[in-house]
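Naming: A, B, ... by sequence-line order, numbering from 1 per chain.
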2 protein chains.
Amino acid sequence: MPVMPKKSYHHGDLKNSLVKAGIGILAREGVSGLTLRKVARKSGVSHAAPYAHFSDKQALIAAISTEGFKRLYEAMDSAIEPYADRPLEQLIAGAWAYVQFGLNDPDHFKVTFSGVLEKEKDYPAFVEISRRTFDRVVSMVEACQRANILRGGPPEVLAVNIWGQLHGLVSLLIEGQISHKVLDKYSTKEIFVTALSQFTLVPVPTDILSI
Amino acid sequence: MPVMPKKSYHHGDLKNSLVKAGIGILAREGVSGLTLRKVARKSGVSHAAPYAHFSDKQALIAAISTEGFKRLYEAMDSAIEPYADRPLEQLIAGAWAYVQFGLNDPDHFKVTFSGVLEKEKDYPAFVEISRRTFDRVVSMVEACQRANILRGGPPEVLAVNIWGQLHGLVSLLIEGQISHKVLDKYSTKEIFVTALSQFTLVPVPTDILSI
DNA sequence: ACCTGAACACCGTTCAAGT
DNA sequence: ACCTGAACACCGTTCAAGT
């Protein structure tokens, strides 16, 4: 009995398949479950095959992180889109999209932002999407400042602060560091609205926030 | 030639030594360099010896995290001490101690707060020091509210927000996510003072912040 | 150009055995 | 009670060889 040729020797789009497989494993087994060998197995190739496309595990993680950042950028973009010329609404919707991304896929968020990728500076695609996202936030902040919705001061600093506020709360929530005493009494939404209100000079419209 | 008895068969205080060794490795080689076998080697015992004191690697990580949290608590306590009955100064000094802890030993900070420890709820000592620290912050916030230094509202929510703000900024700084365009123009100190100013109803006294 | 299979060094964990 | 040494399954990485 001759061996059946299993489809074909070449995979077709292995590089892409590896990234997708990695994201899947991340969602189901977490950061510690993400191994190169599992990713290869899931893509139906030998454990050495990934090295044809990624120089090492960090390079695959860089690709997964970059994809995470891109998804985040897209999510923020779609969330903002309905609110042309309404900077406050844009800010809130964008912020909420960031939060949702973190809470919906905490391990992808972690890989993208929490130092699993060790030398992000070595990966130009990651640096690029990071820069683009930040620039977008800065221009939203500037629009808010012009509309007297945010205080004055250097917009980059304000953008970093707002980003930091959201990032910190999402991180603490994901890691389960926020005590149940607090979470039983106040919803995630309340906590974030209170946080954003520290920055804005006008009340935060809560009707935008889905869920 | 008979074998020299190498000191003694028993280590003496292996449990403690393993935690210290782990913290050392963390500082020099980062999270990915922290292995049980290295920790054992550094303590001069076989690679199976740690299992007499810790059920698995996560249990050692829990001990390292708990020690990190204790050091943080102590650091905040000493920073606050000089400012009895001056809630604003206490808040600033405590916040700055948190930031310093993160920037001085980023990998210990990461292990303590960024999900390297996977089920912190299983480790009562960790949960306990976490609770104590948070309670301390809440009571500082309450004192600030009474002195009209912070806005009203549920103190736990405000405490979570302030903690989240600091935590987010420290995390982004550690991970190198804050662009050089910003860091070249504004110091860490400036960024944190601006951040804290969003919360306070009075100007933030910067003379407290060492460095 | 893309992939396989064997090999190597390293890791976490277990367990029978030694002191 | 505390530690060792051998063993096992798994991992990242390399490399000669196959298609």
Side-chain angles (χ1 to χ4, degrees), chain A residues 2-22 24-26 28-65 107 111 116-119 122-123, chain B residues 2-22 24-26 28-65 107 111 116-119 122-123:
Chain A
V3 174
M4 291 282 276
K6 17 174 99 183
K7 314 173 197 184
S8 91
Y9 188 78
H10 287 260
H11 180 283
D13 190 13
L14 182 53
K15 186 164 186 172
N16 232 296
S17 169
L18 292 167
V19 174
K20 291 281 161 59
I25 291 172
L26 221 37
R28 265 176 290 98
E29 305 181 41
V31 176
S32 68
L34 181 67
T35 72
L36 221 37
R37 286 169 104 108
K38 266 191 213 158
V39 167
R41 220 173 299 146
K42 216 183 162 188
S43 295
V45 295
S46 80
H47 64 261
Y51 288 89
H53 301 277
F54 298 101
S55 61
D56 55 18
K57 191 182 176 182
Q58 281 290 306
L60 173 63
I61 289 177
I64 292 175
S65 298
D107 284 277
V111 167
V116 179
L117 180 58
E118 279 166 358
K119 303 175 78 183
D122 292 354
Y123 303 95
Chain B
V3 174
M4 292 280 276
K6 16 175 103 181
K7 312 175 198 183
S8 91
Y9 186 78
H10 287 260
H11 180 283
D13 191 13
L14 182 53
K15 186 163 185 171
N16 233 295
S17 167
L18 292 168
V19 174
K20 291 281 162 59
I25 291 171
L26 220 37
R28 264 176 290 100
E29 305 181 42
V31 176
S32 67
L34 181 68
T35 73
L36 262 184
R37 288 170 102 108
K38 266 190 213 160
V39 167
R41 219 174 298 146
K42 217 183 162 189
S43 295
V45 294
S46 80
H47 64 260
Y51 287 89
H53 300 276
F54 297 102
S55 61
D56 56 17
K57 190 182 177 182
Q58 280 290 305
L60 174 62
I61 289 176
I64 292 174
S65 299
D107 285 277
V111 166
V116 179
L117 180 58
E118 279 167 0
K119 302 176 78 183
D122 293 354
Y123 304 94

Item to check | A:G33 or A:S55, whichever maps to the more 5' nucleotide of DNA chain D | outcome: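 Here A:G33 is the residue nearer the 5' end.
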Checklist entry - Reading DNA chain C 5' to 3', what string of ( ), [ ], | and . shows its pairs, if Watson-Crick and G-U wobble pairs count only when both distances fall under 3.5 Å? => result ||.|||||...|||||.||
Checklist entry - For residues 37-46 of chain A, which residues have at least one heavy atom under 4.0 Å from DNA chain C? => result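 Of all residues in residues 37-46 of chain A, the ones placing a heavy atom under 4.0 Å from DNA chain C are A:V45, A:S46.
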Next on the checklist: From the set C:dG5, D:dC2, D:dG12, return the single nucleotide nearest to any side-chain atom of A:A48.
Outcome noted: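 When the side chain of A:A48 is considered, C:dG5 is the closest of C:dG5, D:dC2, D:dG12.
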Just verifying a value: how many Å separate [X] [atom1] and [Y] [atom2], rounded to the nearest 0.5 Å?
X     : Y     : atom1 : atom2 : answer
A:D56 : A:L36 : CG    : CG    : 8.5 Å
B:K15 : B:L60 : NZ    : CG    : 10.0 Å
A:H53 : A:L14 : NE2   : CG    : 4.0 Å

Atom-pair distance ([atom1] on [X]; [atom2] on [N]), nearest Å:
X     : N      : atom1 : atom2 : result
B:D56 : C:dC11 : CG    : P     : 17 Å
A:H47 : D:dG12 : NE2   : P     : 10 Å
A:L14 : C:dT4  : CG    : C1'   : 13 Å
A:N16 : C:dC2  : CG    : P     : 14 Å
B:L18 : D:dC2  : CG    : C1'   : 12 Å
A:F54 : D:dG12 : CZ    : C1'   : 15 Å
B:D13 : D:dA1  : CG    : C1'   : 15 Å
A:Y51 : C:dA7  : OH    : P     : 18 Å

Item to check | Nearest non-hydrogen partners of B:V31 and B:D107, listed with the distance | outcome: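 Minimum heavy-atom separation between B:V31 and B:D107: N-OD1, 3.2 Å.
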Item to check | Nearest non-hydrogen partners of A:A63 and A:F54, listed with the distance | outcome: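 That would be CB-CE2, 3.8 Å.
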Next on the checklist: Can you confirm whether B:V116 sits close enough to B:L34 that some side-chain heavy atom of one is under 4.5 Å from a side-chain heavy atom of the other?
Outcome noted: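 No. Closest side-chain heavy atoms not under 4.5 Å.
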Next on the checklist: Measuring only between side-chain heavy atoms, which start at C-beta, is B:I61 closer than 4.5 Å to B:Y123?
Outcome noted: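 Side chain of B:I61 against side chain of B:Y123, heavy atoms only: no contact under 4.5 Å found.
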Next on the checklist: Is the phosphate of D:dC3 approached by B:H53 (side-chain N or O, under 4.0 Å from OP1 or OP2)?
Outcome noted: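 B:H53 to D:dC3 OP1/OP2: side-chain N or O found under 4.0 Å.
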Next on the checklist: I need the full list of side-chain hydrogen bond (donor to acceptor under 3.5 Å, both in side chains) pairs touching residues 33-46 of chain B, with sequence neighbours left out, sorted by first then second residue.
Outcome noted: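 side-chain hydrogen bond (donor to acceptor under 3.5 Å, both in side chains) check on residues 33-46 of chain B returns B:S17-B:S43, B:E29-B:K38.
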Item to check | Heavy-atom donor-acceptor pair, A:Q58 side chain to A:E118 backbone, under 3.5 Å | outcome: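 Between the backbone of A:E118 and the side chain of A:Q58 there is a qualifying donor-acceptor contact (under 3.5 Å).
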